[in-house]
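Comments concern the structure below.
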Amino acid sequence: MTRYWLFKSEPKVFSIDDLARRPHKTAPWDGVRNYQVRNMLRDEIKVGDLVFFYHSNANPPGIVGLMKVVKAGYPEPNQDRPVWFQVDVEWQKKFSSMITLDEIKQNPLLQTMLVAKRGNRLSITPVSSEESKAILKMSA
DNA sequence: GCCAACGTTGGC
DNA sequence: GCCAACGTTGGC
């Protein structure tokens with residue numbers, strides 16, 4: 001069963017277009033420094049899982065496209081004590097228009113999304129299959 | 001183990 | 001740039 005996730009990135013730092021320009025449209029998702037998210041990267045996120053790319057700190061913020069996990073959690077290179085993990089993601093598609101945070105908040109099916117809740121700061125969150133269907137429908 | 005101070009995230 | 005929310009740190 002395919003699982004869905006939402007990964008946040010500031011487009012000024014790394015955008016969906018940056019991912020599309022990578023060799024093989026693939027990049028390691030690194031730099032996570034939160035233990036809860038680390039554990040998801042290490043234990044839960046699997047090859048074949050689909051990932052919504054969310055632009056945070058953007059104007060407006062929102063979901064801009066879809067990625068796929070092509071390599072499951074492995075330690076970031078050159079780490080010593082606290083070992084941080086990364087996965088590799090591959091660009092799948094960019095939505096013809098972004099689904100803004102505002103639209104997410106206004107869709108009754110997406111009220112449950114963590115990203116719609118104030119104060120949520122996790123850079124990676126699970127997305128239910130119902131939520132993912134609703135998002136994909138909005139993007140069509 | 002409590003909790004105040006501090007740092008970071010991210011919407012606005 | 002502001003600031004609310006919340007995770008982390010470190011003194012006790």
Side-chain angles (χ1 to χ4, degrees):
Chain A
M1 190 186 71
T2 306
R3 294 195 70 187
Y4 286 86
W5 304 90
L6 181 144
F7 288 10
K8 292 181 194 171
S9 178
E10 301 191 22
K12 276 179 213 158
V13 179
F14 187 73
S15 73
I16 190 160
D17 293 329
D18 293 330
L19 179 60
R21 281 192 289 266
R22 288 279 185 141
H24 310 294
K25 301 191 174 194
T26 297
W29 200 270
D30 58 11
V32 167
R33 293 295 180 270
N34 171 286
Y35 287 104
Q36 213 179 327
V37 176
R38 191 276 309 267
N39 293 347
M40 287 189 263
L41 286 168
R42 188 188 57 194
D43 305 329
E44 294 188 56
I45 300 174
K46 303 300 183 193
V47 170
D49 285 1
L50 293 170
V51 181
F52 295 107
F53 198 129
Y54 180 91
H55 280 175
S56 63
N57 252 320
N59 189 16
I63 297 170
V64 291
L66 196 65
M67 312 181 270
K68 186 164 78 177
V69 177
V70 292
K71 186 172 179 185
Y74 61 103
E76 288 186 14
N78 311 317
Q79 290 279 300
D80 11 78
R81 244 169 337 298
V83 176
W84 299 105
F85 278 71
Q86 60 189 9
V87 299
D88 287 356
V89 289
E90 180 187 61
W91 185 95
Q92 297 294 112
K93 68 168 141 184
K94 185 178 177 179
F95 295 157
S96 50
S97 63
M98 93 185 306
I99 300 167
T100 65
L101 178 58
D102 199 47
E103 288 166 339
I104 292 168
K105 287 177 174 170
Q106 287 183 26
N107 187 330
L109 296 171
L110 299 180
Q111 299 295 304
T112 44
M113 288 196 73
L114 291 171
V115 82
K117 307 210 155 116
R118 69 190 261 114
N120 164 60
R121 294 167 53 204
L122 295 180
S123 63
I124 291 180
T125 49
V127 177
S128 74
S129 57
E130 292 79 15
E131 291 162 349
S132 65
K133 272 182 212 145
I135 295 165
L136 291 169
K137 201 169 179 181
M138 289 169 83
S139 75

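Residue numbers begin at 1 in each chain, while the letters A, B, ... track the order of the sequences.
Residues forming a ring pair (Phe, Tyr, Trp, His ring centres under 6.0 Å) with A/F85 (at least two apart in sequence, or on another chain): none.
Among the protein residues, A/K117 comes within range of no part of the nucleic acid, since none of its heavy atoms lies under 4.0 Å from any strand. At a threshold of 4.0 angstrom between heavy atoms, the contacts of A/R33 with the nucleic acid are absent.
Between A/Q36 and A/N57, the residue anchored closer to the 5' end of DNA chain C is A/N57, taking for each the nucleotide with the nearest heavy atom.
With hydrogens and angles left out, the side-chain atoms of A/E103 and A/N107 include no donor and acceptor closer than 3.5 Å.
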Which pairs of donor and acceptor atoms, one on a side chain in residues 18-30 of chain A, lie under 3.5 Å apart (sequence neighbours left out)?
unit_1 : atom_1 : unit_2 : atom_2 : d
A/D18  : OD1    : A/R21  : NH2    : 2.7
A/D18  : OD2    : A/S15  : N      : 2.9
A/D18  : OD2    : A/S15  : OG     : 3.4
A/T26  : OG1    : A/H24  : O      : 2.7

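Of all nucleotides in DNA chain C having an atom under 4.0 Å from a heavy atom of chain A, the first and last in 5' to 3' order are C/dA4 to C/dT8.
A/Q111 places a side-chain N or O within 3.5 Å of a backbone atom of A/K105 that can act as its donor or acceptor partner. Without hydrogens or angle criteria, A/S9 side chain to A/F14 main chain gives a donor-acceptor distance under 3.5 Å.
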